[in-house]
Amino acid sequence: MNFSLSEEEQMLQSTARKYLESLGGIQLSHDYMLNKEGTIHSLWDGVSNLGLTGLLVPEKYEGMGLGLTSMIPIAEEIGRYLLPLPFLESAIFGTVLISMAGTEEQKMAYLTGIADGSIQVGLCLNLSEHTIEKIPSGILAKRINNSFVLTGEISHVRYGMDVNHFIVIADVSGEVQKAVFLVTRNQEGITVKPGYSLDRTAENANIIFNNVIVHSKSLLGGKLGLLGVLESTDAMNASLCSTMVGGMGKVVEMAAEYAKIRQQFGQPIGRFQAIKHRIADMKVELEISRSLSYYAAIAIDDQLPNKEQIVSAAKAFCSEAYVRIASHNIQIHGGIGVTAEHDAHLYLKRAKVVEGYGGTPVLHRERIADDLNLREEVPNSL
């Protein structure tokens with residue numbers, strides 16, 4: 001198994017990096033924090049024009065029809081520059097889910113829209129559990145003839161202020177099973193309010209559904225749609241690991257460069273054992289995370305029988321490693337690392353937010369334990 005980028009993937013990464021550097025790199029995130037709507041829409045147009053949003057979209061729907069490993073170089077660049085884009089939600093989660101569970105009409109409308117950049121997707125569902133039965137929706141759907149009426153509120157919708165479509169999971173009134181819907185943002189009865197996020201380069205929104213009427217054609221796949229949510233979450237988590245690797249790579253570079261120029265006691269601080277060994281440890285964790293992120297993407301593309309365990313192992317390790325590395329970077333920089341003028345704090349904030357996005361490390365360890373049948377039955381006498 002080759003845990004390295006192919007020549008084509010390296011070229012794709014180089015092209016994406018040059019393009020993003022030409023736009024300002026990390027400055028794009030600073031621009032977003034000042035002018036959210038203008039920055040995200042122009043940036044989305046740019047990456048979609050490069051064909052990046054359609055990498056997973058089948059050729060039939062104007063995409064490139066590639067596998068998840070093709071997303072690794074792009075996801076790493078997104079993480080490197082903390083790009084303010086609903087890329088994972090649209091180009092990965094939405095694409096995988098609709099490809100798996102959508103009708104031909106839905107695929108033609110949504111997949112072509114994702115590929116050409118006209119559709120951006122937000123996720124109105126809670127990713128804090130790994131089984132459909134446990135996922136709390138917060139949204140209630142009442143069936144009326146050929147339509148459903150959606151009511152309720154869900155918070156912490158990543159980039160919810162910026163997208164034009166939502167994927168909604170709801171409890172269906174009077175039925176045991178949940179349902180998945182594709183809903184346009186301008187649907188009557190939907191209110192989008194700004195939410196709070198520690199990571200200001202990826203703002204949240206609160207989405208309120210007040211008797212929103214959607215046609216049954218908006219229903220996505222029935223049971224297949226529910227299974228697709230789990231498959232899509234795994235695909236997104238694998239790519240999320242790659243974004244974390246991109247961020248970790250930039251943080252390690254940042255720490256190493258600073259250790260070379262910061263003078264203390266007449267010499268660079270990188271010569272002190274406490275600093276250079278810490279940076280070496282950061283590099284080790286980065287490379288382990290890189291290997292796990294590659295393995296997760298390969299496991300999904302090759303449909304390995306234990307792919308769920310592999311994705312969860314990658315997500316649990318990468319999440320904690322990113323927080324540690326970003327924290328060490330700030331400690332190495334000292335006081336300047338937490339100032340608004342320096343980017344170090346932005347990476348730590350992104351690390352803390354994505355640690356829980358798509359499931360916390362605890363959740364993923366529990367999932368691995370469940371898959372290995374490690375949970376013990378509690379005796380009735382207790």
Enquirer: Would you check if the side chain of Thr339 reaches a backbone N or O of Ile336 as a donor-acceptor pair within less than 3.5 Å?
Expert: yes
Enquirer: As an exercise, state the distance from CD of Glu77 to CD1 of Ile72, rounded to the nearest 0.5 Å.
Expert: 12.5 Å
Enquirer: May I ask you to test the Val149-Val212 pair for a side-chain heavy-atom distance under 4.5 Å?
Expert: no
Enquirer: Can Asp301 and Ile298 be said to form a side-chain contact (heavy atoms from CB on, under 4.5 Å), step by step?
Expert: CA-CA 5 Å; Asp301 279 347; Ile298 292 170; 5.7 Å; no
Enquirer: Salt bridge check, Arg365 against Glu320: does any charged N sit closer than 4.0 Å to a carboxylate O?
Expert: yes
Enquirer: Would you confirm whether Ser14, through its side chain, and Gln10, through its main-chain N or O, come within 3.5 Å as a donor-acceptor pair?
Expert: no
Enquirer: Report the C-alpha separation of Asp281 and His277 in whole Å, then their side-chain angles, then the decisive distance to 0.1 Å, and conclude whether the side-chain hydrogen bond (donor to acceptor under 3.5 Å, both in side chains) test is met.
Expert: CA-CA 6 Å; Asp281 287 339; His277 283 191; over 6 Å; no
Enquirer: Check Arg350, Lys352, Arg158 against Asp199 for a side-chain hydrogen bond (donor to acceptor under 3.5 Å, both in side chains) and give me the one that passes.
Expert: Arg350
Enquirer: Where do Ile114 and Ser90 come nearest, in terms of heavy atoms and distance?
Expert: CD1-O, 3.6 Å
Enquirer: Between Thr15 and Met11 (side chain of the first, backbone of the second, donor and acceptor by atom type, cut-off under 3.5 Å), is there such a pair?
Expert: yes
Enquirer: Short question: side chain of Asn206, backbone of Lys193 - any donor-acceptor pair under 3.5 Å?
Expert: no
Enquirer: For Asp45 and His41, test the side chains for any donor-to-acceptor distance below 3.5 angstrom and give the result as yes or no.
Expert: no
Enquirer: Between Ala141 and Phe148, what is the shortest heavy-atom contact and its length?
Expert: CB-CD2, 4.2 Å
Enquirer: Got a salt bridge between Arg80 and Glu253, using NZ or NE/NH1/NH2 to carboxylate O under 4.0 Å?
Expert: yes
Enquirer: Output yes when Arg17 and Glu76 qualify as a salt bridge under the 4.0 Å nitrogen-oxygen rule, no when they do not.
Expert: no
Enquirer: Can Ile78 be reached from Leu88 by stepping across I, L, V, M, F, W or Y side chains whose heavy atoms are under 4.5 Å apart?
Expert: yes
Enquirer: I'd like to know if Val192 and Leu150 are part of one continuous hydrophobic network [Ile/Leu/Val/Met/Phe/Trp/Tyr, side-chain heavy atoms within less than 4.5 Å].
Expert: yes
Enquirer: So for atom CE, which belongs to Met108, do other residues, nucleotides or ligands contribute more than 12 heavy atoms lying within a distance under 6.0 Å?
Expert: yes
Enquirer: So does Met248 get a backbone contact from the side chain of Tyr322, meaning a donor-acceptor N/O pair under 3.5 Å?
Expert: no
Enquirer: Taking the side chain as every heavy atom from C-beta outward, state whether Ser239 and Phe87 have any pair of such atoms under 4.5 Å apart.
Expert: no
Enquirer: Are any side-chain N or O atoms of Ser173 and backbone N or O atoms of Lys142, one a donor and one an acceptor, separated by less than 3.5 Å?
Expert: no
Enquirer: What distance do Leu97 atom CG and Glu89 atom CD have between them, rounded to the nearest 0.5 Å?
Expert: 13.0 Å
Enquirer: By the salt bridge (charged side-chain N to carboxylate O under 4.0 Å, His left out) test, which pairs, at least two apart or in different chains, include something from residues 101-123?
Expert: Lys60-Glu104
Enquirer: Write down the atom of Ile207, the atom of Gly160, and the distance for their closest heavy-atom approach.
Expert: CD1-O, 4.4 Å
Enquirer: Taking Gly189's backbone N and O only, do any of them form a donor-acceptor pair with Asn210's side chain (distance below 3.5 Å, no angle check)?
Expert: no
Enquirer: Can a side-chain donor-acceptor contact be found between Ser312 and Gln309 if the only test is distance below 3.5 angstrom?
Expert: no
Enquirer: Pair Val168, Phe209 - check side-chain contact (heavy atoms from CB on, under 4.5 Å), show working.
Expert: CA-CA 10 Å; Val168 182; Phe209 295 83; 3.7 Å; yes
Enquirer: Passes side-chain contact (heavy atoms from CB on, under 4.5 Å), Trp44 versus Val163? Steps please.
Expert: CA-CA 11 Å; Trp44 186 263; Val163 301; over 6 Å; no
Enquirer: Among Val180, Ile169, Thr103, find the one that has a side-chain contact (heavy atoms from CB on, under 4.5 Å) with Leu220.
Expert: Val180
Enquirer: Any side-chain heavy atom of Pro86 sitting closer than 4.5 Å to one from Ile40?
Expert: yes
Enquirer: Quick check: does any side chain N or O of Arg185 sit under 3.5 Å from a backbone N or O of Met161, one acting as donor and the other as acceptor?
Expert: yes
Enquirer: What about Val183 and Ile208, same hydrophobic cluster or not, with Ile/Leu/Val/Met/Phe/Trp/Tyr joined at side-chain heavy-atom distances under 4.5 Å?
Expert: no
Enquirer: Should Leu12 and Leu55 count as side-chain neighbours, where that means a heavy-atom distance under 4.5 Å?
Expert: yes
Enquirer: Is it the case that one hydrophobic cluster holds both Ile74 and Leu23, taking links as side-chain heavy atoms less than 4.5 Å apart, direct or via other members?
Expert: yes
Enquirer: Is there a side-chain contact between Met282 and Arg278 in this structure, where contact means two heavy atoms from C-beta onward sitting under 4.5 Å apart?
Expert: yes
Enquirer: Any side-chain heavy atom of Leu56 within less than 4.5 Å of one from Val96?
Expert: yes
Enquirer: Check whether more than 12 heavy atoms from other residues, nucleotides or ligands sit under 6.0 Å from atom CD of Glu7, and answer yes or no.
Expert: no
Enquirer: Nearest 0.5 angstrom please: Cys241 SG to Leu292 CG, how far?
Expert: 7.5 Å
Enquirer: Would you confirm whether Tyr159, through its side chain, and Leu123, through its main-chain N or O, come within 3.5 Å as a donor-acceptor pair?
Expert: no
Enquirer: Any idea which heavy atoms bring Ala238 and Ile300 closest together, and the distance?
Expert: CB-CD1, 3.9 Å
Enquirer: Taking the side chain from Ser29 and the backbone from Thr201, do they hold a donor-acceptor pair closer than 3.5 Å?
Expert: no
Enquirer: Measuring from atom OG of Ser70 to atom CG of Leu68, what distance do you get when rounded to the nearest 0.5 angstrom?
Expert: 7.0 Å
Enquirer: What's the shortest heavy-atom distance between Tyr258 and Ile332, and which atoms?
Expert: CE2-O, 3.6 Å
Enquirer: Check step by step if side-chain contact (heavy atoms from CB on, under 4.5 Å) holds for Arg200 and Lys349.
Expert: CA-CA 8 Å; Arg200 292 187 56 230; Lys349 290 173 180 176; over 6 Å; no
Enquirer: Counting C-beta onward and ignoring hydrogens, is there a side-chain heavy-atom pair between Lys250 and Leu82 closer than 4.5 Å?
Expert: no
Enquirer: Do you reckon Met33 sits in the same ILVMFWY cluster as Leu43, going by side-chain contacts under 4.5 Å, direct or chained?
Expert: yes
Enquirer: Does Ile144 CD1 have over 12 foreign heavy atoms under 6.0 Å away?
Expert: yes
Enquirer: When you look at NE2 of His328, are more than 12 heavy atoms from neighbouring residues, nucleotides or ligands closer to it than 6.0 Å?
Expert: yes
Enquirer: If I take atom CZ from residue Phe93 and atom CD from residue Glu231, how far apart are they, to the nearest 0.5 angstrom?
Expert: 11.0 Å
Enquirer: Determine, for Glu287 against Lys283, whether the closest basic-nitrogen to carboxylate-oxygen distance falls under 4.0 angstrom.
Expert: yes
Enquirer: About how many Å separate CG of Asn237 and OH of Tyr357, when rounded to the nearest 0.5 Å?
Expert: 9.0 Å
Enquirer: Measure the shortest side-chain to side-chain distance between Ile119 and Asn164 over non-hydrogen atoms and say whether it is less than 4.5 angstrom.
Expert: yes
Enquirer: What pair of heavy atoms forms the shortest contact from Ala91 to Met71, and how long is it?
Expert: O-CE, 3.8 Å
